[in-house]
Protein chains: 2
Amino acid sequence: MKLNTKSRYAVMALADMAVFSSDNAVSLRDISLRQGISLLYLEQIFLRLKKNNIVKSVRGINGGYILVKSPKELKISDILLALDQKVKTIGCKKDSKKSCNGKSTKCITHDFWDELDIHINSFFENKKLSDLLKNREARI
Amino acid sequence: MKLNTKSRYAVMALADMAVFSSDNAVSLRDISLRQGISLLYLEQIFLRLKKNNIVKSVRGINGGYILVKSPKELKISDILLALDQKVKTIGCKKDSKKSCNGKSTKCITHDFWDELDIHINSFFENKKLSDLLKNREARI
DNA sequence: CTAAAACTTGACTATTTTAGTCGGGTATAT
DNA sequence: ATATACCCGACTAAAATAGTCAAGTTTTAG
Ligand code: FES
Ligand code: FES
């Protein structure tokens, strides 16, 4: 039960942007150097963040990325959704007719996993990017 | 971010045992048939459950497994621990000197992931096996 | 004008993890 | 005796992950 690095790096990179926010765009090169994340990998990640309207890009020299929303308004769940699609802990789809074991009725544990998903998702829903920055500026 | 099938099946199998509990042991063959889980796979899972003192075994004919604790006392976190060792969402160890990016200080997101782990673990800590069985007997 | 900075995109690959199987045991009730 | 059911390590195919590569396009400083 672990988060993939794409999601992890995405949150880290966006937190970095929030800290070093300014009027101009933040380049991936700078984030890469500050946070120790591969530039090539960041490119792949920001592609999806852009597609999901979390950041917008500025091309050319002095270009980079800008947060679409303010850190106070940007939910962590939005970030994860952009990269992972699902924060479902099990395979069985909510709307699917089939249960996880191929039978017609829901399995004995189904409701429990549903509860778990709700519990985890509500955590991500209620956390904003700005929540990561409290008392942390000194530790970059 | 998903749970592996071993943990999933373990919870399912133990829930099955709780429902079909009796004075005598429950055989893996029966669980396999009822829940649609491969017998061979169940053997592997129960090996670890036994090692972690969640179940005890009765060998020979009419043998099987018996829950060590009552479903009311068996925490889901105990089950997951037996199979997964860790419900840590990220790689960075709490006690490790190194941060996830190889630098000497903790990264900008470290405390956040810690919070997440606590949030998820407390869910598993507070749930008992018996909680899965409420109003569910009819659906086996 | 042009070179360099920086984003764009799809494809590609090595490594790791996962899910599950296999084979050959041992204990015990009948 | 023998069938049933647990015991245990090793093995493998398939999928997911982490990360790279190549070949662009756009913009602006100089
Ligand atoms: S049927 Fe949904 S988890 Fe089993
Ligand atoms: S240093 Fe612990 S998660 Fe980055």
Side-chain angles (χ1 to χ4, degrees), chain A residues 1-10 12-13 17 24-33 35-68 80 83-91 100-102, chain B residues 1-10 12-13 17 23-33 35-68 80 83-86 88-91 100-102:
Chain A
M1 177 102 154
K2 60 182 214 279
L3 216 57
N4 59 23
T5 56
K6 268 188 185 121
S7 304
R8 203 154 59 79
Y9 287 162
M12 199 185 291
M17 284 180 72
N24 23 24
V26 180
S27 75
L28 293 189
R29 196 175 147 279
D30 288 353
I31 298 176
S32 168
L33 290 173
Q35 303 300 332
I37 306 170
S38 148
L39 176 59
L40 261 19
Y41 208 21
L42 276 177
E43 286 184 348
Q44 206 186 99
I45 291 166
F46 272 74
L47 202 63
R48 324 241 337 229
L49 290 177
K50 188 193 163 167
K51 269 189 184 136
N52 288 74
N53 210 41
I54 310 248
V55 295
K56 59 187 174 191
S57 64
V58 179
R59 299 184 76 157
I61 226 163
N62 287 331
Y65 289 93
I66 298 171
L67 290 170
V68 167
L80 300 188
L83 285 143
D84 213 13
Q85 307 304 28
K86 59 194 171 209
V87 187
K88 284 217 100 259
T89 49
I90 49 151
C100 64
N101 51 28
Chain B
M1 177 100 153
K2 62 182 212 282
L3 216 57
N4 59 23
T5 57
K6 269 190 184 116
S7 305
R8 203 153 59 79
Y9 287 161
M12 200 185 290
M17 284 180 71
D23 293 339
N24 23 24
V26 181
S27 74
L28 294 188
R29 195 174 150 280
D30 287 352
I31 299 176
S32 169
L33 289 173
Q35 303 300 332
I37 306 170
S38 149
L39 174 61
L40 262 21
Y41 207 22
L42 276 178
E43 285 186 348
Q44 205 186 100
I45 291 166
F46 272 74
L47 206 62
R48 317 221 10 207
L49 290 177
K50 188 193 162 166
K51 268 189 185 135
N52 288 74
N53 210 41
I54 310 250
V55 294
K56 60 188 172 191
S57 64
V58 179
R59 299 185 75 156
I61 227 165
N62 287 331
Y65 289 94
I66 299 172
L67 290 169
V68 168
L80 300 188
L83 285 142
D84 212 14
Q85 309 302 31
K86 58 190 173 215
K88 284 218 100 257
T89 48
I90 49 150
C100 64
N101 51 29

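Just so we're on the same page: letters track the sequence lines, and every chain starts at 1.
Between A:Lys50 and A:Leu47, every side-chain heavy-atom pair lies at or beyond the 4.5 Å cut-off. Within the 4.5 Å cutoff, the side chain of A:Asn24 has no heavy atoms near those of the A:Asn62 side chain. Side-chain contact check for A:Met1 versus B:Ser7: every heavy-atom pair is 4.5 Å or farther apart. Side-chain contact between B:Leu39 and B:Leu33: absent, with no pair of heavy atoms (C-beta onward) separated by less than 4.5 Å.
If you measure from atom CD1 of B:Ile90 to atom P of D:dT17, you get 17 Å, rounded to the nearest angstrom. C:dC7 atom P lies 8 Å from atom CD1 of A:Ile31, rounded to whole Å. Across the protein-nucleic acid pair, A:Ile37 atom CD1 and D:dT20 atom P stand 12 Å apart, rounded to whole Å. Between the C1' atom of D:dT4 and the CG atom of B:Asn24 lies a distance of 15 Å, rounded to the nearest Å. The CD1 atom of B:Ile66 sits 11 Å away from the P atom of D:dC6 (whole-angstrom rounding). One can place CG of B:Leu49 at 14 Å from P of D:dC8, the figure rounded to the nearest angstrom. The CD1-P distance, from B:Ile45 to D:dC8, rounds to 16 Å in whole Å. One can place CG of A:Leu39 at 15 Å from C1' of D:dA18, the figure rounded to the nearest angstrom.
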Table of protein N/O atoms under 3.5 Å from nucleotides 9-14 of chain D N/O atoms:
none

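The residue among A:Asn62 and A:Met1 whose nearest nucleotide of DNA chain C is located toward the 5' end is A:Asn62. Nucleotides of DNA chain D nearest to A:Leu40 and B:Lys2 differ in position, and the one nearer the 5' end is that of B:Lys2.
When the nucleotides C:dT21, D:dC6, D:dT20 are ranked by their closest atom to the side chain of B:Tyr65, D:dC6 comes out on top. The nucleotide whose nearest atom lies closest to any side-chain atom of B:Tyr9 is, among C:dG20, D:dC7, C:dT21, C:dG20. Side-chain proximity of A:Glu43 to the nucleotides C:dT8, D:dC6, C:dG20 is greatest for C:dT8. For B:Tyr41, taking side-chain heavy atoms from C-beta onward, the closest of the listed nucleotides D:dC7, C:dT21, C:dA6 is C:dT21. Among the nucleotides D:dA18, D:dC6, C:dA19, the one closest to the side chain of B:Asn4 is C:dA19.
B:Ser32 contributes no side-chain N or O that, together with a main-chain N or O of B:Ser38, makes up a donor-acceptor pair within less than 3.5 Å.
Using cut-offs of 30° and 60° on the angle between ring planes, the pair A:Phe46 and A:Tyr65 is tilted.
B:Thr89 OG1 to A:Arg8 CZ: the interatomic distance, rounded to the nearest 0.5 Å, is 9.0 Å. Here B:Leu28 contributes atom CG and B:Gln44 contributes atom CD; the two are 12.0 Å apart, rounded to the nearest 0.5 Å. A:Leu3 contributes atom CG, which lies 9.0 Å from atom CD1 of B:Ile90 (distance to the nearest 0.5 angstrom).
In this structure, B:Lys50 reaches the D:dC7 phosphate: one of its side-chain N or O atoms is under 4.0 Å from OP1 or OP2. In terms of phosphate contacts, A:Ser38 brings no side-chain nitrogen or oxygen within less than 4.0 Å of OP1 or OP2 of D:dG19. OP1 and OP2 of D:dT4 both lie 4.0 Å or more from every side-chain N or O belonging to B:Ser27.
Note on A:Phe46: nothing from the nucleic acid sits closer than 4.0 angstrom, heavy atoms only.
Nearest heavy-atom pair, A:Gly63 versus A:Ser27, reported as atom, atom and distance to 0.1 Å: O-CB, 3.8 Å.
Annotation: proximity of residues 54-61 of chain B to DNA chain C (heavy atom, distance under 4.0 Å) is found for B:Arg59, B:Gly60, B:Ile61, numbered in ascending order.
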